[in-house]
Amino acid sequence: MHRVLGSVLISSEQIQRRNAELGRQISADYAGGAVTIVAILKGSFLFLADMIRQISPEIPVEVDFMAVSSYGNGTTSTGTVRIEKDLEVTVAGRDIIVVEDIVDTGLTLYQVDRILAGRGARTIRVATLLEKPGNSKYERKIDYVGFQIPNAFVVGYGLDYAQRYRNLPDIRVLDEI
Ligand code: IMP
C-alpha cells in the first residue's frame with residue numbers, strides 16, 4: 001500500500017475566510033477580557049498563526065505551546081498522553097482557548113483539558129481547524145470549529161503524514177493506492 005496526495009478538500013481561500021469568521025467570533029466572546037491560547041504542536045501552527053491575527057487588537061492575547069504524544073493503540077477509549085513539551089505561561093485563573101489542528105477520537109483534547117483544569121484554569125474553550133464528527137469518544141463541546149470533514153486522512157496547512165505535507169497551503173486528502 002502506498003499513499004499519495006489526493007484532491008483538495010478545503011482550499012486556502014476557504015480556510016482564510018473561515019479564520020476571519022472565527023477571529024471575529026472569538027473577539028466578540030472575549031471582548032473586555034483577556035485570553036491565553038494553548039496551541040497543541042505541531043499540527044496547529046499555521047491555523048494558530050493565521051487565526052490569531054484575526055482577533056481584535058483590543059484583546060490581550062497570550063500564546064504558548066504544548067506538545068503531547070499518544071500512547072496506546074487507538075482502539076481503546078482510555079488512552080493517555082505524555083507531555084513532550086510543557087507550557088511556560090500560568091494557567092491558574094486564566095481563560096484558555098486550546099487550539100488544535102484536528103479533533104478525531106478526542107483523546108488528545110480530553111487529556112489536555114484534564115491537565116489544564118488540574119492547573120486551575122478559569123475557563124477552557126477549544127478551537128479546532130477540523131473535526132471528524134462522530135469519531136470522538138468523549139463528550140466535549142468544541143466551541144470553535146473551522147470545518148467538519150468526512151472520515152478521511154487529510155494533510156496540509158500544518159497537518160502531516162509522517163512529518164510531510166505540513167507546508168501545503170490547502171487541506172488535501174491522502175489517498176491509498
Ligand atoms: P485525537 O487525539 O484522536 O483527537 O487525534 C488528534 C491528533 O491526531 C491530531 O492532533 C493530529 O495530529 C492527528 N490526526 C488525526 N486525524 C488526522 C488526519 O486526518 N491527518 C493528520 N493528522 C491527524
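Considering all non-hydrogen atoms of both residues, A34 and D95 come closest at O-CB, 3.8 Å. In terms of heavy-atom proximity, D50 sits nearest to Q54 at O-CG, 3.6 Å. Annotation for S12 and P169: closest pair CB-O, 3.3 Å, computed over non-hydrogen atoms. When every heavy atom of S136 is checked against every heavy atom of G106, the shortest pair comes out as OG-CA, 4.0 Å. Contact between D64 and K85 at its shortest, heavy atoms only, is OD1-NZ, 4.0 Å.
L87 and V61 fall into different hydrophobic clusters, defined by Ile, Leu, Val, Met, Phe, Trp and Tyr side-chain heavy atoms under 4.5 Å apart, directly or through other members. There is no path of hydrophobic side-chain contacts, each under 4.5 Å, that joins V81 to F65. Under the 4.5 Å side-chain heavy-atom criterion for ILVMFWY residues, a single connected hydrophobic cluster contains both F47 and V154. Under the 4.5 Å side-chain heavy-atom criterion for ILVMFWY residues, a single connected hydrophobic cluster contains both V173 and I10. In the hydrophobic clustering of ILVMFWY residues, with side-chain heavy atoms under 4.5 Å counting as a link, I37 and L41 come out together.
We find the CD1-CG distance between I115 and D86 to be 7.5 Å, quoted to the nearest 0.5 Å. The OH atom of Y138 sits 9.0 Å away from atom OG1 of T108, with the distance rounded to the nearest 0.5 Å. With rounding to the nearest 0.5 angstrom, the CG atom of L5 is 8.5 Å from the CG atom of D175. The structure places CD of Q14 at 11.5 Å from CZ of R18, a figure rounded to the nearest 0.5 Å. Atom CD1 in I102 sits 12.5 Å away from atom CG in L109 (nearest 0.5 Å). A distance of 5.0 Å separates CG of N135 from CG of D104, quoted to the nearest 0.5 Å.
Using a 4.5 Å heavy-atom cutoff, the side chains of I171 and L129 are in contact. When side chains are defined from C-beta on, S27 counts as touching I59, because their heavy atoms get closer than 4.5 Å. Put simply, the side chain of I124 reaches to within 4.5 Å of the side chain of V98, judged on heavy atoms. At a threshold of 4.5 Å between non-hydrogen side-chain atoms, the residues H2 and V4 count as touching. Contact of the T123 side chain with the I96 side chain is not registered, since no non-hydrogen atoms from C-beta on lie closer than 4.5 Å. Within the 4.5 Å cutoff, side-chain heavy atoms of Y144 are placed close to those of D29. Contact check for L116 versus R94: no side-chain heavy atoms found under the 4.5 Å cut-off. At a threshold of 4.5 Å between non-hydrogen side-chain atoms, the residues M51 and V99 count as touching.
A 6.0 Å sphere centred on CZ of R140 holds more than 12 heavy atoms belonging to other residues, nucleotides or ligands. Heavy-atom contacts from other residues, nucleotides or ligands closer than 6.0 Å to NZ of K132 number more than 12. Heavy-atom contacts from other residues, nucleotides or ligands closer than 6.0 Å to CD of E139 number 12 or fewer.
Only one option out of I97, I142, V145 pairs with V126 in a side chain to side chain contact (heavy atoms under 4.5 Å, CB included); it is I142.
A donor-acceptor pair is defined here as one N or O able to donate and one able to accept, closer than 3.5 Å; no such pair exists between the side chain of R114 and the backbone of Y110. Remark: side-chain polar atoms of K137 are not paired, donor with acceptor, to backbone N or O of L107 under 3.5 angstrom.
Remark: the D170 side chain and the S11 side chain contain no N/O donor-acceptor pair separated by less than 3.5 Å.
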Checklist entry - Run the side chain to side chain donor-acceptor pair (under 3.5 Å) check on E62 and T36 step by step: do they pass? => result CA-CA 5 Å; E62 251 185 348; T36 298; 2.9 Å; yes
Next on the checklist: As a quick check of understanding, evaluate side chain to side chain donor-acceptor pair (under 3.5 Å) for E100 and S44, giving each step before the final call.
Outcome noted: CA-CA 5 Å; E100 267 266 38; S44 67; over 6 Å; no
Next on the checklist: side-chain contact (heavy atoms from CB on, under 4.5 Å), that's the test. Do R166 and F45 meet it? Break it down for me.
Outcome noted: CA-CA 10 Å; R166 292 192 199 275; F45 77 107; 4.1 Å; yes
Checklist entry - After noting the C-alpha distance and the side-chain angles of I83 and M66, does the key distance pass the side-chain contact (heavy atoms from CB on, under 4.5 Å) rule? => result CA-CA 7 Å; I83 300 176; M66 215 173 166; 4.0 Å; yes
Next on the checklist: If you apply the rule side-chain contact (heavy atoms from CB on, under 4.5 Å), what do you find for E131 with F147, and how did you get there?
Outcome noted: CA-CA 6 Å; E131 183 189 22; F147 302 89; over 6 Å; no
Next on the checklist: Apply side-chain contact (heavy atoms from CB on, under 4.5 Å) to residues I15 and Y157 and explain how you reach the verdict.
Outcome noted: CA-CA 9 Å; I15 295 169; Y157 194 66; 3.5 Å; yes
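A cation-pi geometry, defined here as NZ or CZ lying under 6.0 Å from the six-membered ring centre and within 45° of its normal, holds between R3 and F153.
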